[in-house]
Amino acid sequence: NAGVTQTPKFQVLKTGQSMTLQCAQDMNHNSMYWYRQDPGMGLRLIYYSASEGTTDKGEVPNGYNVSRLNKREFSLRLESAAPSQTSVYFCASRRDSSNQPQHFGDGTRLSIL
Amino acid sequence: GQQLNQSPQSMFIQEGEDVSMNCTSSSIFNTWLWYKQDPGEGPVLLIALYKAGELTSNGRLTAQFGITRKDSFLNISASIPSDVGIYFCAGVLFTGTASKLTFGTGTRLQVTL
């Protein structure tokens, strides 16, 4: 019962370094999502992928890129990390039918010095 | 973008007390979701509400989808120590095959014995 798996769980980067956060789901879901969670601000959508081969910007996409590698995997890339990107990042996935909720991974805690 | 106001921000209650929290929005949603997040983990779905006016229970939890589609509340009856955590509401808008969640800022619940 893996569900949504994120790697790594923790990472520390220096400003300017690049990093790819990995997400995989084993529930055969079509839609996948990347959020960031900051204190007092809830979760904010960075990018999402409605289906394999498509990606769209969310609320806070600047400084990030995504790749929907296949149906299972959706990665988030920081090309040049900035301290403002210090956050906890969550990946989520959802079944196709409109009434199904999103299921979340356990998060990646990213600190940029 | 859309914003959700969630209140209260935090609560200290005694074991056995009932808890109530709510979310209000400036615009309507198709669905309301309530999640709980424990430290170091991702949000876990508690209750999903799909129709205006809907009242749904899950054990000691009861949630309602407001008639105006702009608000929702969550009640927890007879709280126990394992209820500790952060509770998030999320309003959902469907955009084709994907869903976009807007999260509240969370209610931190602490239970004293």
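The chains referred to below are lettered A, B, ... by the order of the sequence lines, with proteins before strands, and numbering in each begins at 1.
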Answer with side chain, backbone, both or neither: which region of A:L45 has an atom nearer than 4.5 Å to a non-hydrogen atom of chain B?
side chain

Salt bridge between B:D83 and B:R60, side-chain N to carboxylate O under 4.0 Å?
yes

Looking only at atom types and distance, does a side-chain atom of B:K70 sit under 3.5 Å from a main-chain N or O of B:C23, one as donor and one as acceptor?
no

Taking all atoms of both residues into account, what is the closest heavy-atom pair of A:A92 and A:Y35, and its distance?
CB-CE1, 4.2 Å

Region of B:L101 in contact with chain A, defined by heavy-atom distances below 4.5 Å:
both

Can you tell which of A:Q37, A:H103, A:R44 has the highest number of heavy-atom pairs within less than 4.5 Å of chain B?
A:Q37

Cut-off 4.5 Å, heavy atoms of chain A, and the answer for B:Q37 is side chain

Would you say the side-chain atoms of A:Q6 pair up with the backbone N or O of A:G107, donor to acceptor, closer than 3.5 Å?
yes

